[in-house]
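Letters A, B, ... mirror the listed sequences (proteins, then strands); counts begin at 1.
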There are 2 protein chains.
Amino acid sequence: MKEIINKYCEYRQKIRSYSYALTFLSWDSSTVAPKGCFADRSNYIGVLVEEQLKIVKSKEYQDIVTTLYNNLNLLDEDLAFEIKRVKESNDKNNKIPTEEQVEYEKLTSLSQDVWVKAKTENDFSIFKPALEKIIDFKKKYCEYVKTDKLQGYDCLLDDYEEGLTQVECDKFFDTLKEKLVPFVRTVLAKKVNFKDKFLTDYFPVEKQKEVVQYIKDVMEYDMDRGAIMETEHPFTSGVNNNDVRITIHYYPEMMTSSIFSAIHELGHATYEQQVDSKYNNTSLSGGCSMALHESQSRFYENIVGRSHEFWETHYPKLQEIYGDYLKDYTLEDFYKGINKVEASYIRTEADELTYPLHIMLRYELEKKLINGSISVENIEQEWNKLFKEYFGIEVDCPKNGVLQDVHWSSGLVGYFPTYALGSAYASQIYNAMKKDFDVSEALKEKTTGKINKWLKEHIHQYGASKYPQDILKMATGEEFNPQYYIDYLIEKYKKIYEL
Amino acid sequence: MKEIINKYCEYRQKIRSYSYALTFLSWDSSTVAPKGCFADRSNYIGVLVEEQLKIVKSKEYQDIVTTLYNNLNLLDEDLAFEIKRVKESNDKNNKIPTEEQVEYEKLTSLSQDVWVKAKTENDFSIFKPALEKIIDFKKKYCEYVKTDKLQGYDCLLDDYEEGLTQVECDKFFDTLKEKLVPFVRTVLAKKVNFKDKFLTDYFPVEKQKEVVQYIKDVMEYDMDRGAIMETEHPFTSGVNNNDVRITIHYYPEMMTSSIFSAIHELGHATYEQQVDSKYNNTSLSGGCSMALHESQSRFYENIVGRSHEFWETHYPKLQEIYGDYLKDYTLEDFYKGINKVEASYIRTEADELTYPLHIMLRYELEKKLINGSISVENIEQEWNKLFKEYFGIEVDCPKNGVLQDVHWSSGLVGYFPTYALGSAYASQIYNAMKKDFDVSEALKEKTTGKINKWLKEHIHQYGASKYPQDILKMATGEEFNPQYYIDYLIEKYKKIYEL
């Protein structure tokens, strides 16, 4: 058994080396790579993917995994869990022809650049052909991997949150619709007069960068195991707890954007930096599932970063950095501004309360794209129609609509629902944390150290060594319950909007 | 034949894909990678190198190359040249055990970080164990690849400049010693009173970056196929003419450093950006040899960038950007300052005239390290002793001495001589260029376009499709002749120093 485990570890290291290279090529593509490189980059990536697949699909490796899978009881708990996941992933993987996987990787490595171009030129037609190919692949993919239990769009949901189905999503979103949507209407109808011009005032990018540096320290992000760069769309990229990087986008006339995308991405990064080192270089490093990952970023972004307590301590520093730019705004102005509820175009800039509506929209469209009831040809109109229905306003241009997200261009279809689910997890986790210590007081501290510590102990340290549902249950003492999310939102916004 | 050529191209693409990934991992290591990542990075790199070597050393690939090599007359000129070089490289490669190559790649990928640490802490003992391993490998390497013609240090010289030997180097450096060293002494003895405090005055890094942006435009560097970042030691990294990047280091109290390292690296980058596109994704892309590459960077750095004519046009812009910081210095002050001859510690900051002495020192030490007459154990003392002998001053600390260069940490032993050779090539090329047009007038133009064009036509376009000696001969009409270098230097510095 020991010999076969060693052999497995050798293969794992080999397979991970390709992923490692591909991760950094993708990081490079999103950060410093010049436009010109994309002409041939996808070919090189194609070769590396093909070489990796050759190893993953090799008989020897598959046999090793199967042997270990048939002897799970002889393995330690972590390795047994890892083998179980690898086996499942192999079984899925084996159903897809290698050439198609390679083509798909080449396609998505090219498409991100096409999407940037389309967004820059504000023209969906530039991106349409690439998106058509991606959706076609996704449909074929669903056909390949379908089982008795999983069909169509379920296969994609399952890729990002194992076991998540349309039935569950529908149930979750229906609950939100039923309980939150009337509340959102009440909030939107309430006449308020927030002093919030700072939201659209000019704030120098250099100063915004200073703020991000400050926030990074408040959140105790370890720069010896991280990096911060600039990209069109902020994201986090990690290989294990030794190297977890984030990116930010700075808008001179949307100062809060860099603050909250920094807190959000640093939330993801804190998760991965706090995974137990023993999982480095195994398949159990990194976050556990997309929804759990998102629960951490949203916990920091909203529950920490949009709390009154947090800014009681940090707003003076913000005022110090921004000087005259912010001197006319009180803490109360700032707090209300960053929690202002609005029907707005951009998901990533949306307030906490309308955020789930943005996700519902994407969920509805993705379901229909995959089941074929709408096509990429008319996705732009469908987006705009649904947006009008949910938000009551007209989309003014594609980059404020269908072109706003990077996800589809990199093949992430079925991923959005995990965002809303993550927000709901975050509220449930918040509730559990409050039983252990006074979170309100902890939020007022100079750093988020106490909160980081609790999250490390109850969630982060485990990495991907358990199922997300199990981690959630261990951390909160109960199954997933969206009621915490609804209660949290209604309580918070009732206070802010004096309802 | 066509089939076997296609098969070769497939292999070439596969092999290049690994190099491609490794290039960007190395780029990442030198630019944004956090310290923490180096613990496991070298293992991942090791796997990729091993996988690549497996392909390079596979019987099928070797047979394909041999078959093509035996039928060179049936191939077009470019492919025939490529196969010839690949065959030579394979033959060399085959002599080294794969495990040792992999170990070596892992070692050098780790050593660069160790060197940075040693340099930062100004402590050679931190770097010594890594350097010992590198030199040990290099010695074993020479044993593996030696032939009747090539022995010892010659094997390393040959890696960077095919056919270059100690005999030739000795001859070249002896000529320089004989004719230049007395002149250098005369110059150093001359009492001058240059107004050159700007060389050590404070200039804000932000302003220095503006200057680099300006210079990049003057040199017509194409940012759509390039990028500029910051690193400890400036360098150029390219994969083909679609992606050639440079890095700069900014010293607040050495403003000219960023100017001349920018011009130098942009010289390298211009070379690679101007290679004919038909060579992209073949082994003939990029520069032809290290000395020819260096001839281009030094051509731009010294012949262009340290010329009076160039600054007649661009000094006003420099004064505009630096405002009060530079207002007290005239063009003449600036010109004399940037051409001031001094016995100084740092090679990369050295003036044109003493530069070859820095190379001679490294050449002497490398020769002795490889033939075993000195060891890494006492390299620091040997460096300091020789430095005193050549420059008449004592090295004050290791980062101003033996720790200053990145080269040895990345395994570049036998590389330095190409720098001096490159400078000499540059003068010969300058002489040829002057026969075709009035270079003095061209230097005064708003951009270096005319000069770029000539270099593209006579040198750059060919990439690595010919031997460097042949390109030099085609471009200048004669064999290498170091006299042009000596004449150029003596004429220039006689004028500046009024001798």
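B:Asp28 places a side-chain heavy atom less than 4.5 Å from the side chain of A:Arg245.
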Task: Test side chain to side chain contact (heavy atoms under 4.5 Å, CB included) applied to A:Val239 and B:Tyr44, step by step - done: CA-CA 11 Å; A:Val239 285; B:Tyr44 292 116; over 6 Å; no
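In this structure, OH on B:Tyr20 lies 6.5 Å from CG on A:Leu25, to the nearest 0.5 angstrom. Here NZ of B:Lys54 is found 9.5 Å from CD of A:Glu51. Values are rounded to the nearest 0.5 Å. Rounding to the nearest 0.5 Å gives a distance of 9.0 Å between CZ of A:Phe38 and CG of B:Asp243. A distance of 9.5 Å separates CD in B:Glu50 from OG in A:Ser17, rounded to the nearest 0.5 Å.
At a 4.5 Å heavy-atom cutoff, B:Leu22 makes no contact with chain A through either its backbone or its side chain. Contact of A:Ile228 with chain B is not made at all, since no heavy-atom distance falls under 4.5 Å. The parts of B:Arg16 that come within reach of chain A are both its backbone and its side chain, each placing non-hydrogen atoms under 4.5 angstrom from that chain. Interface remark: B:Asn43 contributes backbone and side-chain atoms alike to the contact with chain A (heavy atom separation under 4.5 Å).
Taking A:Cys37, A:Pro34, A:Ala227 one by one and counting their heavy-atom pairs under 4.5 Å with chain B, the maximum is reached by A:Pro34. Ranking A:Gly46, A:Ala21, A:Gly226, A:Ala39 against chain B, the residue ahead of the rest is A:Gly226, based on heavy-atom pairs under 4.5 Å.
A donor-acceptor contact closer than 3.5 angstrom links the side chains of B:Asp40 and A:Asn242.
Nearest heavy-atom pair, A:Gln13 versus B:Val47, reported as atom, atom and distance to 0.1 Å: CG-CG2, 3.9 Å.
Heavy atoms from other residues, nucleotides or ligands lying under 6.0 Å from NZ of B:Lys456 number 12 at most.
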